[in-house]
Each structure stands twice: as structure tokens, then as C-alpha cells.
Amino acid sequence: MGQKSDMRSGDGEPSARMFGALLGLQDAVVTWMSRARQRVIQGFTVFSIVFLLLWISAFLYGSFYYSYMPMAAFSTPVHYHYRTDCESPASFLCSYPMANISLMRNKKHVLTFGQAYQMSLQLDMPDSPTNQELGMFMIKTTCFSGKGGQVASSARSSMLRYRSELLRSLSTMLFLPAFLTGVSEQKQVLEVELFSDYTDDPYLPSVTAVIEIISNKVQIYSSQLNVHAHFTGIRYLLFNFPLLSALVGVSSNFVFLSLLFVLSYVKLLLKEDWAPVQLRTDGGRNINQEEYSNAAGGTAELVGPRRM
């Protein structure tokens, strides 16, 4: 009998050890899974906060760029017209070629107030004998406000580039296949600067521009008005270095928002740590610790946050 009891006790000890090992392994697995889940939740929370701050930083920089940067360039075709209501039958054309150009797009001013612009007129003119004999001609430009008042005016002169008869003949022979197929044309492109530093007045903004070529014999294939902005300071950096400016702007916004978020979170933690402990008496009235220490008799119950 004694030997049987010893055998049973010997069989029970390995079973108990195995059971204890399984319990320990189960506890370790549960603890590891709990920590892993906690780490995953913390990582997802941090990633979400960082992504949100980056998105807000990019949005703020984009809003600043859109509101601060004006239009860098503006181009529109110029269509000329003549007056033909002459009283005298000697001439059919009663005026110089004129064009009325609108400086509005979608009911908004093209020119930004306070920004300097360069206005130039591009003329595609045939290299014809009439234009060669024309010599120098004047181009007058006048800007008007919405009320019809004159805002600015300029007058510039221009003419075709001189080319000798020999040079024209050689050029014609050299580019004859292109001229015959229509790939190229015998023309000259003139770029006339109308305003070198034009700044729109916020009290009298320009709405239209009238361009007049003071010559009745001038021949023009097509014409185009080009407006380019002269950026200085921060606008110069934003326009000429867009990637670097975007990186600096988004990074600055991200650092500022992150610092603001961290300070707000620390303030919230300190507010919870230093919150006064509330005590409740038998009558149901809440008192603080000082009132509780001075109170005589009665039973008070701790209802505030407890730190273990």
C-alpha cells in the first residue's frame, strides 16, 4: 500500500508542474498579446495624430500661397478694329487700328493691387514692302477704371528690323521649302514694352486697356498682350523656389502645431494631477481636504481621483 501511495504522489507531482507551466505560459501569452495590442493602439494613435498635423500644415501653407501669390503671367489676344463712319468719301478708314482689352477674368481683377507688372505687346508682322517702307510707328496704351477714368497712359515706338535685299534673297532661297509647304512664314515678331513697372491702384483699379497703333498702313498678322509680374521679397522666393519654400513652410507649420499639441496635452495632465480632492459628508455636501481636517464629527467619504 505504501508503494502505491508513493507511485500516485510521484505521478501527481509532474502533472501539477505541467499544469503550473501551462498556466504560466498562458499568462505570458496573455500579457504579451495585451502589450502588443497596447503598442499597436499607441502606434496607430501617434500615426493618426502625425498624419493629421501634416495634413493641416499642408493645408495652411496651400491657403497662404493661394491668397498671397498673385497671378505670375497673363496673356490675351489683341483684336484690332477701325472706325468706318467717315463723313468724307475720300478715305474708308476713319481711325487708327484700336483694340479694347479687358483686364477682368471671371469678374475678378487680373492685376493684384500693389504688385509691379511688365506689360508688353507682341506683334506678328509680315516682312512686306509696305511695312518696310512704314518706318517707325507709335503704339499708345491707355488704362481705364470701371468709371471710365484714365488711370495710366504710355506711348512707345517700334519698327521692323532692317534687312538688306541680298539678305532677304538669301533667306528666301534658304527657307524656300519651308515657305512653300507653309511651315514657316516671311514675318518678323516684335516685342514692344508698354509698361516696365505698372502698379495697379486699389482705389482706381484698371478694368480695360485700349491699345492704338498710330499708323493707317501698318500690316499685322496677329497680336498678343503679355503681362508678367515682377516678384520681390517673399514672393520671389515662393515663385522661384517652390519646392524649398513648400518644405520650409509645411515644416514650420508642423513644428508649431506639434508644439501647441504637446503643450495642450501637458497642461491637461497637470490639470488632472493638481485637481483638488473632493470629500463628501453625511449630508451630501462636497468639501475639500482643508474643510475636512477642520470639521469635527461626522463621516466623510473620498470621492475625488485616487492615485495608487
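Side-chain atoms are counted along with the backbone in the values below, which use heavy atoms only and exclude waters and symmetry mates. The shown structure was predicted, so the numbers you read here are calculated from the model rather than taken from an experiment.
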(message) Angle between ring planes, Tyr236 versus Phe241, binned at 30° and 60°: parallel, tilted or perpendicular?
(response) perpendicular
(message) In terms of relative ring orientation, are Phe261 and Tyr265 parallel, tilted or perpendicular, with 30° and 60° separating the classes?
(response)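 Aromatic pair Phe261/Tyr265 classed parallel.
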Between [Y] and [X], do the side chains contain a donor N or O and an acceptor N or O under 3.5 Å apart?
{"X": "Thr76", "Y": "Gln224", "result": "no"}
{"X": "Glu191", "Y": "Ser120", "result": "yes"}
{"X": "Gln186", "Y": "Thr172", "result": "yes"}

(request) May I ask you to check whether Tyr198 and Tyr117 place their ring centers less than 6.0 Å from one another? (result) no
(message) In this structure, is the centre-to-centre distance between the rings of Trp55 and Phe59 below 6.0 Å?
(response)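 Aromatic pair counts; centres sit under 6.0 Å.
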(request) Enumerate the residue pairs fulfilling salt bridge (Lys or Arg N to Asp or Glu O under 4.0 Å) with a member in residues 161-177, sequence neighbours excluded, ordered by first and then second residue. (result) Asp127-Arg163, Glu165-Arg168
(request) Indicate the atoms forming the closest heavy-atom contact of Tyr80 with Ala99, along with that distance. (result)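 It is CD2-CB, 3.9 Å.
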(message) For Val218 versus Pro97, what's the shortest heavy-atom pair and its separation?
(response) CG1-CG, 4.0 Å
(message) Could you measure the distance from the OG atom of Ser223 to the CD atom of Gln122? Nearest 0.5 Å is fine.
(response) 8.0 Å
(request) Check whether any side-chain heavy atom of Ser153 lies under 4.5 Å from a side-chain heavy atom of Lys140, and answer yes or no. (result) yes
(message) On the six-membered ring of Tyr68, is Arg235 placed so that its NZ or CZ lies under 6.0 angstrom from the centre and within 45° of the ring axis?
(response) yes
